[in-house]
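Report on the structure given below.
Within every chain, numbering begins at 1; the chains are lettered A, B, ... in the order of the sequence lines, protein sequences first and strands thereafter.
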Amino acid sequence: MDARYNPQAIETKWQAHWRETGLDRTPELSEGIRKFYALSMFPYPSGRLHMGHVRNYSITDVIARHKRMQGYAVLHPMGWDAFGLPAENAAIDRGIPPAKWTYENIAQMRDQLQRLGLSYDWEREVTSCSPDYYKWTQWIFLQFLAAGLAYQKEAAVNWDPVDQTVLANEQVDAEGRSWRSGALVEKRMLKQWFLKITDYADQLLADLEKLPGWPERVRTMQENWIGQSTGAKVVFKSESGDELPVFTTRPDTLWGATFMVLSPEHPLVERLTTPEQAEAVKTYQAQAAAQSEIDRTAEDREKTGVWTGSFAINPVNGEKIPIWIADYVLMGYGTGAIMAVPAHDQRDFEFARKFGIPIKLVVQPPDESVTSAADLQAAWAGEGVMIHSGPLDGIPAGKGPGQSVEKAIAWLEEQGLGEKQINYRLRDWLISRQRYWGCPIPVIHCPNCGIVPVPEADLPVILPEEVELSGRGGSPLAQMEDWVNVKCPTCGTEARRETDTMDTFICSSWYFLRFSDARNDKEIFRKDQVNGWLPVDQYVGGIEHAILHLLYSRFFTKVLRDRGLLDFDEPFLRLLTQGMVQGLTYFNPNKSGKDKWIPAALIKDPDNPVDPETGEKLEKIYATMSKSKGNGVDPEEVLANYGADTARMFILFKAPPEKDLEWDDADVEGQFRFLNRVWRQVHEFVEQAHFQDLLTSEIAVGSLSKPEKDLRRAVHTAIKEISDDIEEGYQFNTAISELMKLSNALNESGLLQSPVYADGIRTLVLLMAPFAPHIAEELWQALGGTGSVHQQSWPSYDPAALIADTVTIVIQVNGKLRGSFEAPSEVTQEEQEQLALASEVAQKYLDGATPKKVIVVPKKLVNFVV
RNA sequence: GGGAUCGUGGCGGAAUGGUAGACGCUACGGACUUAAAAUCCGUUGUUCGCAAGAACGUGAGGGUUCGAGUCCCUCCGAUCCCACCA
């Protein structure tokens, strides 16, 4: 064994050895085996790993390694979310074909992952842009189509009028201009594909309760996103007899409706507009259409709108109320039309105020000074009593049982005027992308047969190579005439392929299922494999995927379940959202925009940071690593300087996994020091001629010296604490601090020649194995261990070894700490109290008086109340 | 506006309602060295004190409790998500 810790040498050596011996291969599932599926969100192959990746994968790797040592059959795979815009950009900017660019990046990143010592089963690697994977993505699409869950409809896209191309949202800047041409982006209506996720809204919401292993805030975010609200559908009629259904969560305020508002895009607007109002309405509609999403949803916007000229009849009281259009009503939610109750809705209130529409109070606020709508300064939305509301008069207003909303719904249903309805904010998922580097939608448009799915036998629909990518002109695939023109599989006439590709979120909505049977070329996966390995026991990834990716994956799982392909409801049992990795940077508070960031490298004196250009004082801050801030740390650099084990240990020790982590070179250094210390410790031990005997000799538990007993207790405490830290919430930071404590205890014991010490050294190496796999393996071999350290059983502790001969009893007087004493660990409550009473401290503070009350916590403390 | 999470030394962070600050970083002092690095040993919440020790201390204010960083209420501040969603 080398005297010096040389991380690069041992890491390369062991990585090669593990690969050759197939250490990380997934075992076969078998009867009675305990399985564990540990998964990190698969990365986009940008070409270079960043610290966020390192953190994500280190967390999962510790979990996987620990579970293997506990005897679980572990599935720990890795893959590539490989379709997407950056590959197309590379093609446009540098003329590299997207496939070439992507596969080269994958090769680089795979190499980086391997050098981090991550224990993936590379035989199960999946790549979403590879035909053997996207064949099944297309197959799933056909399943959706067959189930009636995929459909086409007109929807707006971002259109660049200069380059004549559709833009992704990311290609449109904050001002609504194209990133490439700088032209103002227009909204253009195109027929596009949607998945009916709304059919599953109720299940997606209800099943969140089956996920106690998810962070509360992710569940809440999904809940918000699905956005369930309960209310009623009420049908208003225009004077001319057109039906105008509205959705309201407060049907009890129907008697206070003084106008109606339709969304400018509402299909009935044209019919309802009178000739006198036609011009104003047209103008308003045009304005609304031209507005970007950002403008339309901007905060504190003043209400705008136009009267259509016609009226509706309020079904509950026959009142005639004007019908307006306004952009604060959204076509995509509810029915695109609302009844407006200005007295009890802030938006309606503002609108009515501005346009002089009457405001009618139907809930009496408890404040008696408010006797009419004229007194209202803002819409009243609190508790009160119903007034001017026919059958509801006198009933307490509110959504609770027996309150006005419930009564109103019952009454409406009785009268046949409306019914209870549950509405969701969730919209159907627009999956069409007018892009090249994505999974082709396996559909053929036939002039005779309409939409014809590509027959299963013809899958995959291969993405054509040699495509011209310029970022201009229409959809790239539409220009590939040879590819586009096909015969209809049903009737044989000339037909055209669908030229849209799928949103890449589709590809990532099922990859975790494919890992269960990744090399299967006959079917998407065998049912016994997917049911055996799934659900994922621990999923780890960034909070940025808290909504879309996780929601879509849950949706896919439920649809595939309903198609009979698998037997579970939820794909991810437990979820850990890891915090960001932040880097030190400086900013000039007098500057704004990108210019304000000054990379730490440009700071000469960290104690007094100044702007190198202007000499102004700078402020120090930790922020998410990014190019523009110049505060990124390249994992390669850390690997080169300290090795993978130090990088992993640092990142796991610095903060709990869910919290943001501040990168600090001094702390990295500290971690490297610790590994060196352990290295020397083991080295010193094995330099003893008879160290093998010490390792194999039985520990005579009954006849240990006091220091030996103490050391043995430290060893077993470490096993307990580290096991608990890993199992109860992945507290790796405290687990590593326990490793340090054990190392310190061994050091301070001076018992180099005791079997207890030998056992401690061996235990330390075993406990380190999941965190720092290479050094642990090297030291394991130095100790003469057989097999790989990663194939050893996780150590277990002897509860008896945790008990000390004496315990420290704390003395409190009136709950205030006043002293402590040592007592034998088998002390009884009475003895403990007597000992405390007799102690000097108690004598001093009690001063002979008898305590009013004595609280005794066995083996912990005695509190005298005087 | 709605919701979620969180406020602890110089810093990152520990603390099943029971000795607040584990573990680490930084800083300071010492040993080794011709010297430096590395390593090792100390000290390191604040204030008072030569010391023994004492007082204060987990964003602020209340409450529950023998005892509160931890539980409850009010407020202040930070971060994140959603948001003209009827």
Separation of C41(B) atom C1' from N747(A) atom CG, nearest Å, is 12 Å
Checking G24(B), G18(B), G2(B) against the side chain of N224(A) (C-beta onward), the nearest is G2(B)
Under 4.0 Å, counting only non-hydrogen atoms across every strand here, what does K852(A) touch: a base, just sugar-phosphate, or nothing?
nothing
Which part of the nucleic acid does P215(A) contact within heavy-atom distance under 4.0 Å: base, sugar-phosphate only, or nothing?
nothing
Nearest non-hydrogen partners of L742(A) and G760(A), listed with the distance
CD2-O, 4.3 Å
Whole Å only: how far is the CG atom of D725(A) from the C1' atom of U16(B)?
13 Å
Between C40(B) atom P and E748(A) atom CD, what is the distance in whole Å?
12 Å
Indicate, with a heavy-atom threshold strictly under 4.0 Å, whether N733(A) touches base, sugar-phosphate, or nothing.
sugar-phosphate
Heavy-atom check, side chain of V62(A) versus side chain of F732(A), under 4.5 Å:
yes
Can you check the distance between A27(B) and A37(B), where both ends of the measurement are the P atom (answer in whole Å)?
12 Å
Name the orientation class of the two ring planes belonging to H549(A) and H545(A) (parallel below 30°, tilted from 30 to 60°, perpendicular beyond 60°).
perpendicular
Once you apply a heavy-atom cut-off of 4.0 Å, does R219(A) come out as touching a base, just sugar-phosphate, or nothing?
nothing
Looking at every strand, decide which applies to G670(A) at a 4.0 Å heavy-atom threshold: base, sugar-phosphate, or nothing.
sugar-phosphate
Whole angstrom value for the distance that separates P of C23(B) from CG of L675(A)
18 Å
Give one of base, sugar-phosphate or nothing for Q731(A), where a contact means two heavy atoms less than 4.0 Å apart.
sugar-phosphate
Indicate the ring-plane relationship of W324(A) and F355(A), choosing parallel, tilted or perpendicular according to the 30° and 60° boundaries.
tilted
When you get a sec, tell me which of C23(B), C81(B), C85(B) is the closest nucleotide to the side chain of F653(A)?
C23(B)
Any donor and acceptor pair, going by atom type alone, linking the side chain of Q681(A) with main-chain N or O of S743(A) inside 3.5 Å?
yes
Distance-only, no hydrogens or angles: does the K354(A) side chain make a donor-acceptor pair with backbone N or O of K303(A) under 3.5 Å?
yes
Side-chain donor-acceptor pair under 3.5 Å between Y642(A) and E669(A), yes or no?
yes
How is V810(A) classified with respect to the nucleic acid when contacts are heavy atoms under 4.0 Å: base, sugar-phosphate, or nothing?
base
Please state whether the phosphate of U65(B), meaning OP1 or OP2, lies under 4.0 angstrom from any side-chain nitrogen or oxygen of N863(A).
no
Nearest-Å distance once atom P is located in both U8(B) and G13(B)
9 Å
Whether each nucleotide of nucleotides 51-57 of chain B has a protein heavy atom under 4.0 Å at its base (B), only at its sugar-phosphate (S) or at neither (-) is summarised, 5' to 3', as ---SSS-
Among the nucleotides A86(B), A4(B), G13(B), whichever has the atom closest to the side chain of K659(A) is G13(B)
Rounded distance in Å - CG (D327(A)) to P (A86(B)):
17 Å
Does a side-chain N or O of R673(A) approach OP1 or OP2 of U26(B) to a distance below 4.0 Å, or not?
yes
Please figure out whether N744(A) or D660(A) has its closest RNA chain B nucleotide nearer the 5' end.
D660(A)
Considering only atom P, compute the distance from A20(B) to G29(B) and round it to an integer number of Å.
31 Å
Counting side-chain heavy atoms from C-beta on, which of A86(B), C25(B), A4(B) comes nearest to T248(A)?
A86(B)
Any base atoms under 4.0 Å from F674(A), or only sugar-phosphate, or nothing? Heavy atoms, all strands.
nothing
In chain order, what residues pass the ring-ring contact (aromatic ring centres under 6.0 Å, His included) check against F236(A), with sequence neighbours excluded?
none
Minimal non-hydrogen separation, V234(A) against P315(A), with atom names:
CG1-CG, 3.9 Å
With the side chain of R680(A) defined as its heavy atoms from C-beta on, choose the nearest nucleotide among C85(B), U39(B), G18(B).
U39(B)
With sugar-phosphate meaning primed atoms plus P, OP1 and OP2, does I855(A) contact a base, only sugar-phosphate, or nothing at under 4.0 Å between heavy atoms?
base
Whole-Å C1' distance, G59(B) and G77(B)
7 Å
Syn or anti for G17(B), with syn set at within 90° of 0?
anti
Nucleotide nearest T734(A) when distance is taken to its side chain, options A15(B), G18(B), C82(B):
A15(B)
Inter-nucleotide C1' distance (U64(B), U74(B)), Å rounded
15 Å
Would you say the side-chain atoms of D348(A) and Y328(A) include a donor-acceptor pair closer than 3.5 Å?
yes
Phosphate OP1/OP2 of C23(B): any K741(A) side-chain N/O under 4.0 Å:
no
Using the P atom as the reference point in each nucleotide, state the distance between G2(B) and C75(B) in Å, no decimals.
12 Å
Reading 5' to 3' and counting Watson-Crick or G-U wobble pairs with both distances under 3.5 Å, write the dot-bracket notation for RNA chain B, | for bases paired outside the strand.
(((((((..(((.....[....))).(((((.......))))).((((....))))..(((((..]....))))))))))))....
Output the single nucleotide from A86(B), C84(B), G24(B) whose closest atom is nearest the side chain of D667(A).
G24(B)
How would you label the contact of E662(A) with the nucleic acid (heavy atoms, under 4.0 Å): base, sugar-phosphate, or nothing?
sugar-phosphate
Which nucleotide sits closest to the side chain of S737(A): G2(B), A22(B), U19(B)?
A22(B)
Looking only at non-hydrogen atoms, find the nearest pair between T335(A) and F247(A) and report the distance.
OG1-N, 4.0 Å
Is it true that, when you exclude K233(A) itself, more than 12 heavy atoms of the residues, nucleotides or ligands shown sit nearer than 6.0 Å to its NZ?
no
Assign each of I547(A) and R347(A) to its nearest nucleotide of RNA chain B by heavy atoms, then name whichever residue's nucleotide is nearer the 5' end.
I547(A)
With a non-hydrogen cut-off below 4.0 angstrom, is N676(A) in contact with a base, only sugar-phosphate, or nothing?
nothing
Side chain of P656(A), heavy atoms from C-beta onward: which of U16(B), A83(B), A14(B) has the nearest atom to it?
A14(B)
S820(A) near the nucleic acid: base, sugar-phosphate alone, or nothing, with a heavy-atom cut-off under 4.0 Å?
nothing
Base of G18(B), side chain of Q812(A) - is there a donor-acceptor contact under 3.5 Å?
yes
Across the strands shown, which category fits T808(A) at heavy-atom distances under 4.0 angstrom: base, sugar-phosphate, nothing?
base
Rounded to whole Å, how long is the line connecting atom CZ of R427(A) with atom P of C82(B)?
14 Å
So which heavy atom on W255(A) is nearest to which on D252(A), and how close?
CE3-O, 3.8 Å
For U44(B) and C28(B), measure between their C1' atoms and round to the nearest Å.
8 Å
Go through A86(B), U26(B), G12(B) for me and flag the one nearest to the V329(A) side chain.
A86(B)
For U47(B) versus G9(B), give the span between their C1' atoms, rounded off to a whole number of Å.
15 Å
Short side-chain donor-acceptor distance under 3.5 Å, T734(A) and E721(A)
no
What is the distance from CH2 of W225(A) to P of C85(B), rounded to the nearest Å?
15 Å
